[in-house]
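Numbers restart at 1 for each chain; the letters A, B, ... are given by sequence-line order, proteins then strands.
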2 protein chains.
Amino acid sequence: MSILKTKTEHSTPEECKIFIRPVRDVIDIVGGKWKLPILTALSFKTHRFKELERQVAGITPRMLSKELKDLESNGLVNRKTLYTSPVTVEYSLTCYGKSLDEVLSAMREWGVNHRKKIMDK
Amino acid sequence: MSILKTKTEHSTPEECKIFIRPVRDVIDIVGGKWKLPILTALSFKTHRFKELERQVAGITPRMLSKELKDLESNGLVNRKTLYTSPVTVEYSLTCYGKSLDEVLSAMREWGVNHRKKIMDK
DNA sequence: CGGGATCCATCGAGATACTG
DNA sequence: CAGTATCTCGATGGATCCCG
């Protein structure tokens with residue numbers, strides 16, 4: 001790629017990638033069937049595994065476990081083992097997880113309006 | 001965060017659905033492998049089908065056609081047939097499509113920061 | 001209770017060839 | 001040029017059973 005490249009009316013593949021990648025990251029993080037329901041449940045209160053399984057209607061333990069790991073690896077959710085008997089585990093939103101809410105709110109606002117617009121047609 | 005949250009500590013399934021649905025709508029609209037690359041290409045300038053096929057590296061005509069129909073059905077993209085010979089078709093972002101940019105920017109901002117955060121670990 | 005392991009169905013997307 | 005039609009495959013997620 002030329003160092004002397006001036007501003008063009010079209011984008012280079014590199015520019016596009018840098019532009020798109022972080023947006024895609026967000027989609028990957030909150031996308032899929034269960035991430036939003038889980039985050040929403042946790043935004044109301046801390047839940048144990050079994051409680052989440054009941055709150056998030058329809059989810060299987062297998063998926064719940066996998067999704068919680070994903071969310072935890074992204075720093076959105078905190079996992080806390082309580083050594084009661086039997087052992088219980090508490091899941092909660094981290095502060096960082098809560099910071100996602102601004103983004104979700106922006107999406108929600110546009111989405112609510114869009115739904116209205118599409119319905120009217 | 002949410003209006004609901006200030007009112008109750010837990011959510012009903014109905015409330016959750018209404019809360020989540022518009023966000024999911026946005027994910028569906030810009031999600032998948034090709035929507036963002038296509039929207040990004042069109043955000044720079046109007047393109048014909050074949051031009052888009054070249055701009056969006058790797059896409060097949062089958063997918064490009066399908067994705068453009070999706071975007072058009074959501075009012076984000078305008079399709080304009082030019083009766084030249086042979087016929088050419090121009091695709092462009094609608095004003096409504098451009099309104100999505102605020103949302104994408106919010107996502108991008110969070111995503112850029114997140115990528116930095118994850119990389120540092 | 002909090003998961004893991006295994007098998008299976010569905011769907012998004014690629015490859016390729018073809019048409020008006 | 002602007003798409004369509006088939007076929008195929010890998011990923012996502014569901015069903016079921018199992019364990020410490």
[X] versus [Y]: any side-chain heavy-atom pair under 4.5 Å?
X: Lys80(B); Y: Leu82(B); answer: yes
X: His47(B); Y: Leu42(B); answer: yes
X: His114(A); Y: Pro22(B); answer: no

Study note, to complete from the structure: Per-nucleotide protein contact along nucleotides 12-20 of chain D, 5' to 3', at a 4.0 Å heavy-atom cut-off (B base, S sugar-phosphate only, - neither), is -BBB-----

Check your understanding: Given the rule in the side-chain contact (heavy atoms from CB on, under 4.5 Å) test, do Val103(A) and Leu100(A) qualify, once you have shown the distances and angles that lead to the verdict?
Key -> CA-CA 5 Å; Val103(A) 180; Leu100(A) 236 188; 4.1 Å; yes

Review point. Below 4.0 angstrom, N of the basic side chain to O of the carboxylate: do Glu72(A) and Lys69(A) qualify?
Key: no

Of the nucleotides [options], which has the atom closest to the [X] side chain?
X: Arg48(A); options: dC1(C), dG3(C), dT4(D); answer: dC1(C)
X: Tyr91(B); options: dG2(C), dT4(D), dG3(D); answer: dG3(D)
X: Lys50(A); options: dG3(D), dT4(D), dC1(C); answer: dC1(C)

Point to revise | Aromatic plane relationship, Trp110(B) with Tyr96(A) - under 30° parallel, 30 to 60° tilted, over 60° perpendicular | key: parallel

Exercise for review: Could you check whether the rings of Phe49(A) and Tyr91(A) sit parallel, tilted or perpendicular, using 30° and 60° as the cut-offs?
Suggested key: tilted

Practice item. Report the end-to-end axis angle of the helix from dC1(C)-dG20(D) to dG20(C)-dC1(D); each axis comes from five terminal pairs, and the value is rounded to 10°. Key: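 Nearest ten degrees gives 40° for this helix.
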
Review point. For residues 99-120 of chain B, which residue pairs qualify under salt bridge (charged side-chain N to carboxylate O under 4.0 Å, His left out), counting only residues two or more places apart or in two chains?
Key: Asp25(A)-Arg115(B)

How close or far is atom [atom2] of [N] from atom [atom1] of [X], stated in whole angstroms?
X: Phe49(B); N: dA2(D); atom1: CZ; atom2: C1'; result: 6 Å
X: Leu64(B); N: dA15(C); atom1: CG; atom2: C1'; result: 16 Å
X: Leu82(A); N: dG3(C); atom1: CG; atom2: P; result: 11 Å
X: Ile38(B); N: dG3(D); atom1: CD1; atom2: P; result: 12 Å
X: Glu53(A); N: dG3(C); atom1: CD; atom2: P; result: 10 Å
X: Arg79(A); N: dG2(C); atom1: CZ; atom2: P; result: 10 Å
X: Lys69(B); N: dA2(D); atom1: NZ; atom2: P; result: 14 Å
X: Ile27(A); N: dG12(C); atom1: CD1; atom2: P; result: 15 Å

Nucleotides 8-10 of chain C: which of its N/O atoms have a protein N/O under 3.5 Å away?
none

Check your understanding: Can you list every ring pair (Phe, Tyr, Trp, His ring centres under 6.0 Å) pair that touches residues 63-82 of chain A, not counting sequence neighbours?
Key -> none

Revision key, fill the gap. Taking every heavy atom of Leu52(A) against every heavy atom of Ala41(A), the minimum-distance pair comes out as CD2-CB, 3.9 Å

Exercise for review: List for me each residue that meets side-chain hydrogen bond (donor to acceptor under 3.5 Å, both in side chains) alongside Ser85(B), sequence neighbours excluded, and say none if there are none.
Suggested key: none

